[in-house]
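Below you'll find the structure, written out as structure tokens, and then a few comments.
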Amino acid sequence: MKRIIFLSMLLATTIMQAKAETLNDSTVINFKNEVPALPSNVAKISGGLSCIYSKVQTPTQIHRGLFGFDFMLDYEHLWKKGMGFGINYVRNYTKCEGQGVTFNYVGASFVQSCMTKSGFRLETAYGLGYVHKHEDRVNTWTYWEGYINNYYDYTQGMEDLCQYQYSQDGLGLMAKFGVEYAILPHCAIGVEANWLLHFFKSQNVSWVKEENKGNDFARFNIAAGFRFYF
């Protein structure tokens with residue numbers, strides 16, 4: 001009987017020691033890898049609401065706070081230190097007084113990223129690129145009729161209408177801050193805030209920044225979407 005008890009205690013001690021060693025080993029492993037490695041390549045697809053918060057002058061009045069929708073595609077390449085570069089595309093559609101305007105931005109960016117112990121990836125990016133603005137041609141004559149009657153005589157109004165530009169090319173600046181969390185080994189969900197500035201040379205359009213203060217647009221958006229690591 002004593003022999004059986006002794007053997008049982010010896011077996012229990014051996015099992016507990018083995019579990020303790022396993023626990024210690026796993027603790028060391030988790031400690032060494034508590035901060036996950038950054039992905040080398042990230043592809044992102046996002047969408048969200050946007051707001052043009054600079055003053056915008058249309059043929060009828062001055063607006064501030066025009067809301068629209070942004071669709072975004074991004075690619076980022078990151079090095080071990082967390083620095084990298086990105087390629088960014090942003091498409092915005094905003095509508096006011098029945099007249100819609102589309103902004104298409106394509107640019108490159110400098111990216112700084114890091115991982116947290118809890119598995120979140122944080123990033124900031126600053127970019128420069130090309131932006132194209134296009135205005136819908138829907139009801140253009142009706143849209144301009146009030147402008148002609150209120151601000152110009154008929155002859156001057158017709159001259160402006162003949163010179164009216166539906167599209168413009170300009171310079172864009174972008175800044176962003178984002179956070180994301182991996183729900184699968186190669187897939188994450190994330191949210192980001194973006195600030196975009198668009199500069200255009202000509203003011204001979206129906207949508208301009210407030211008169212005599214340049215022709216640029218400042219926009220802010222909050223977008224959410226999926227990120228793919230590879």
side-chain hydrogen bond (donor to acceptor under 3.5 Å, both in side chains) against Y93, all qualifying residues, sequence neighbours excluded: D136

Spacing of CZ belonging to F103 relative to NE2 belonging to H198, to within rounding of 0.5 Å: 6.0 Å

Point-to-point distance, once rounded to the nearest 0.5 Å, from CZ of R219 to CZ of F67: 13.0 Å

Side-chain touch E123/V42, heavy atoms, less than 4.5 angstrom: no

F120 with I183, same ILVMFWY side-chain cluster at under 4.5 Å: no

Residue pairs passing the salt bridge (charged side-chain N to carboxylate O under 4.0 Å, His left out) test where at least one lies in residues 101-115, sequence neighbours excluded: none

Salt bridge (charged side-chain N to carboxylate O under 4.0 Å, His left out) pairs, two or more places apart, involving residues 104-117: none

I222-L122 co-clustered via ILVMFWY side chain contacts under 4.5 Å: yes

Verdict with supporting geometry, N104 and Y130, side-chain hydrogen bond (donor to acceptor under 3.5 Å, both in side chains): CA-CA 8 Å; N104 285 292; Y130 160 81; over 6 Å; no

Co-membership, hydrophobic cluster, residues Y229 and L184, 4.5 Å side-chain: no

Y89-I45 co-clustered via ILVMFWY side chain contacts under 4.5 Å: yes

Heavy-atom pair of closest approach, residues L38 and S113: CD2-OG, 3.5 Å

Spatial distance of atom CE (M72) from atom CG (N194) [nearest 0.5 Å]: 3.5 Å

N92/T94 under side-chain hydrogen bond (donor to acceptor under 3.5 Å, both in side chains): CA gap, chis, key distance, verdict: CA-CA 7 Å; N92 168 266; T94 303; 2.9 Å; yes

Test side-chain contact (heavy atoms from CB on, under 4.5 Å) applied to F85 - qualifying residues, sequence neighbours left out: Y75, H77, W79

Connected-component partners of L49 among ILVMFWY, side-chain separation under 4.5 Å: none

Residues which pass side-chain contact (heavy atoms from CB on, under 4.5 Å) with A218, listed by chain and number, not counting sequence neighbours: Y53, S54, L197

Hydrophobic cluster partners of F177 (side-chain heavy atoms under 4.5 Å): none

Any residue meeting side-chain hydrogen bond (donor to acceptor under 3.5 Å, both in side chains) with R64, in chain and number order, not counting sequence neighbours: none

Heavy-atom closest pair, residues D70 and S50: OD1-OG, 3.4 Å

ILVMFWY network linking L73 to F228, side-chain heavy atoms under 4.5 angstrom: yes

More than 12 heavy atoms from other groups under 6.0 Å of CZ on F199: yes

Shortest non-hydrogen contact from A175 toward Y126: CB-CD2, 3.9 Å

Partners meeting side-chain contact (heavy atoms from CB on, under 4.5 Å) with K80 (sequence neighbours left out): none

Flag side-chain contact, heavy atom, 4.5 Å: L173 against L128: yes

Distance (rounded to the nearest 0.5 Å) between I189 CD1 and S46 OG: 11.5 Å

R121 vs L78 side-chain heavy atoms within contact, under 4.5 Å: yes

side-chain hydrogen bond (donor to acceptor under 3.5 Å, both in side chains) partners of S40, counting only residues at least two apart: none

Partner set under salt bridge (charged side-chain N to carboxylate O under 4.0 Å, His left out) for R227, not counting sequence neighbours: E180, E192

Those residues that, when tested against F69, pass side-chain contact (heavy atoms from CB on, under 4.5 Å) (two or more places apart): F71

A193 versus F220, closest heavy-atom pair with distance: CB-CE1, 4.0 Å

Test item: F110 and M83 side chains (from C-beta on) under 4.5 Å apart, heavy atoms: yes

N88 CG to K44 NZ distance, which is reported to the nearest 0.5 Å: 8.0 Å

Nearest heavy atoms of M174 and S109, plus distance in Å: CE-CB, 4.1 Å

Atom pair SG (C96) and CD1 (I52), whose distance is rounded to the nearest 0.5 Å: 9.0 Å

Side-chain touch L196/F217, heavy atoms, less than 4.5 angstrom: no

Backbone of D169 reached by a side-chain donor or acceptor of H132 within 3.5 Å: no

